[in-house]
Amino acid sequence: MNKLTKTIVSALFIVPVLFSCKDNGKYLSIGKPEFISEFPRTGQLKEIESFNLDEVGLRDIKVVDTLLFVDKAGVLGTIGNAWVIYSLDGKKEYGGCMRTGNGPGEFIYSPPYVSSCYFFNDNDSLFVHAPNESKSQILELNITRHLQDSSRTPHPVIETDYLKNMSWAVTPCGNDRMLITQPYDNFTGFQRLMYENDTVHQLPITKKIDEITIDNNNDPNEINILGKVVHYNAAADKFIESMAYFNQINIYSADGTEGKTICVGKKLDDIRQVEQTPRESRRRAYMTSAAWDEGFAAIYYGTPWTSDNQSYNSQIQFFDWEGNPKYLVELPYQASACDIDFINNVLYVIHQSEDRLIAYDATEIVQSLRNL
């Protein structure tokens, strides 16, 4: 894999650059992109060998307070709980939630990724808001009470046709809000719309990139070129977008008044060039991301997206909420999800090809994110 960063501890450089007027490319940048040449700290991860989680079909993970949520919705066709809840050391299973099925509070196809849902505490209880797009609902579950009484099911707190008719992806973000990614009717582009009080409005900071379209040649699947994974953090009140086929991350506030694009490298990927590249040869840039009060991380591949399940290297890039690089980790395999337990300084990573959750000592990463 071609590395975009130098894996040495060095000074930090972020260079804003204006595109040359001679550049005829098409880019998905919020304002002037900031190019990152190096990370100030790098390190080798030390596996915590005592950790062993006996689960298969891993799709996603989420650490919330003292709980580890394991998302097994990747096991297609399985009826039952898609999320399993464990203690942080993986030694105690508390139960499951988010059931697939067609009953009240159930998901017909598959529950959303656990890391894309909105978790919050209220009145000494942990809650989650999860989009159920097939039923045009945002469901709420009191996790604390559910662990005491597993018969409790999620109930709708928002019901709106905006979800069914307009949504491609939905990111709940508290206060009865959600960010809706809506495709254009001809599937040539996306709009980012904030839902509030049963109305939607476009975010001012993303209007220009919302206008960017592709030539899909009558193949609606080509819209995936513009695909992204979105995560939200309440403390920062910001979204991050890790782009699937472009070497960039977009950061913008929930009120849509500020935002930026960062790129680990010297130049943004050109949409026109990606369009002209055969689908099987297109480089997969970012797989997914994770967000915390202290900052965020993005998993970078940089290799063609293949179906042979071949193992490649990957990176986990860590940033603060201003987009400043903080730490870089190189992995000898493709990671498909990650999260951090900031209480015990543990990084959890899903090893994609082995379908295994690995725990690492994250002390240095946590120190970097906290500027210690």
Side-chain angles (χ1 to χ4, degrees), residues 45-75 78 80-100 110-121 124-130 141-150 152 154 172 229 231-235 287-299 316 318 329 331 333 335-352 354-363 365-366 369:
L45 292 178
K46 181 180 179 181
E47 183 175 347
I48 300 174
E49 296 182 355
S50 60
F51 179 82
N52 180 36
L53 190 73
D54 187 20
E55 292 285 358
V56 296
L58 302 178
R59 185 178 73 158
D60 197 15
I61 52 172
K62 179 70 176 177
V63 174
V64 186
D65 297 336
T66 60
L67 302 175
L68 175 63
F69 290 79
V70 179
D71 184 338
K72 300 199 306 175
V75 183
T78 301
N81 291 322
W83 298 358
V84 185
I85 307 171
Y86 284 89
S87 58
L88 289 176
D89 59 6
K91 295 181 179 179
K92 182 176 180 180
E93 179 181 339
Y94 293 114
C97 60
M98 298 305 171
R99 183 178 176 84
T100 55
S110 176
Y113 284 75
V114 63
S115 64
S116 296
C117 295
Y118 179 70
F119 290 83
F120 62 99
N121 287 283
D124 297 323
S125 289
L126 175 66
F127 293 82
V128 63
H129 283 176
L141 179 63
N142 186 322
I143 298 292
T144 303
R145 292 188 179 180
H146 175 78
L147 294 180
Q148 299 167 352
D149 177 7
S150 61
R152 298 179 65 90
V229 175
H231 284 114
Y232 170 78
N233 176 263
M287 177 63 186
T288 189
S289 54
W292 316 283
D293 294 359
E294 293 83 353
F296 63 90
I299 296 177
I316 307 181
F318 296 88
V329 167
L331 295 172
Y333 59 85
S336 57
C338 69
D339 205 357
I340 291 179
D341 164 15
F342 281 87
I343 298 175
N344 300 298
N345 292 349
V346 177
L347 170 68
Y348 296 97
V349 182
I350 294 179
H351 188 312
Q352 181 172 313
E354 293 186 359
D355 190 21
R356 182 166 67 100
L357 184 61
I358 305 174
Y360 297 101
D361 183 346
T363 302
I365 298 170
V366 171
L369 290 171

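Everything quoted here is computed from the prediction, not taken from an experiment. Positions are given from 1 along the sequence.
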Any heavy-atom pair between the side chains of [Y] and [X] that's under 4.5 Å?
{"X": "P111", "Y": "T100", "result": "yes"}
{"X": "I61", "Y": "I350", "result": "yes"}
{"X": "C97", "Y": "L141", "result": "yes"}
{"X": "L357", "Y": "E55", "result": "no"}
{"X": "I340", "Y": "L369", "result": "yes"}
{"X": "K62", "Y": "C117", "result": "no"}
{"X": "D60", "Y": "W83", "result": "no"}

Check whether any side-chain N or O of [X] sits under 3.5 Å from a backbone N or O of [Y] as a donor-acceptor pair, and report yes or no.
{"X": "S115", "Y": "A290", "answer": "no"}
{"X": "H146", "Y": "G96", "answer": "yes"}
{"X": "N344", "Y": "V346", "answer": "no"}
{"X": "Y348", "Y": "L88", "answer": "yes"}
{"X": "H231", "Y": "S289", "answer": "yes"}
{"X": "D355", "Y": "L58", "answer": "yes"}
{"X": "D65", "Y": "L67", "answer": "no"}

Atom [atom1] in [X], atom [atom2] in [Y]: separation rounded to 0.5 Å?
{"X": "S150", "Y": "R99", "atom1": "OG", "atom2": "CZ", "result": "11.0 Å"}
{"X": "L53", "Y": "R356", "atom1": "CG", "atom2": "CZ", "result": "11.0 Å"}
{"X": "T288", "Y": "R59", "atom1": "OG1", "atom2": "CZ", "result": "10.5 Å"}
{"X": "I48", "Y": "D89", "atom1": "CD1", "atom2": "CG", "result": "10.5 Å"}
{"X": "Q148", "Y": "N142", "atom1": "CD", "atom2": "CG", "result": "8.0 Å"}
{"X": "K92", "Y": "I85", "atom1": "NZ", "atom2": "CD1", "result": "12.5 Å"}

Residues that Y360 engages under side-chain hydrogen bond (donor to acceptor under 3.5 Å, both in side chains), provided they are two or more places apart: Y333
Kindly write out the residues that satisfy ring pair (Phe, Tyr, Trp, His ring centres under 6.0 Å) with F69, not counting sequence neighbours, or none if the list is empty. F119
By ring pair (Phe, Tyr, Trp, His ring centres under 6.0 Å) - contacts of Y86 (at least two apart): none
Residue pair D361 / N345, side-chain donor-acceptor N/O under 3.5 Å: no
Exercise: identify the closest heavy-atom pair between [X] and [Y]:
{"X": "K72", "Y": "V56", "result": "CD-O, 3.5 Å"}
{"X": "A335", "Y": "V349", "result": "CB-CG1, 3.5 Å"}
{"X": "S50", "Y": "K91", "result": "O-CE, 4.5 Å"}
{"X": "A297", "Y": "C338", "result": "CB-SG, 4.5 Å"}
{"X": "T144", "Y": "S125", "result": "OG1-CA, 3.4 Å"}

Within 6.0 Å of CG in D149, more than 12 heavy atoms from elsewhere: yes
Under the side chain to side chain contact (heavy atoms under 4.5 Å, CB included) criterion, do V63 and I343 qualify, and how do the steps go? CA-CA 10 Å; V63 174; I343 298 175; over 6 Å; no
Measure up the F318 and W292 rings against each other and bin them: parallel (under 30°), tilted (30 to 60°), perpendicular (over 60°). parallel
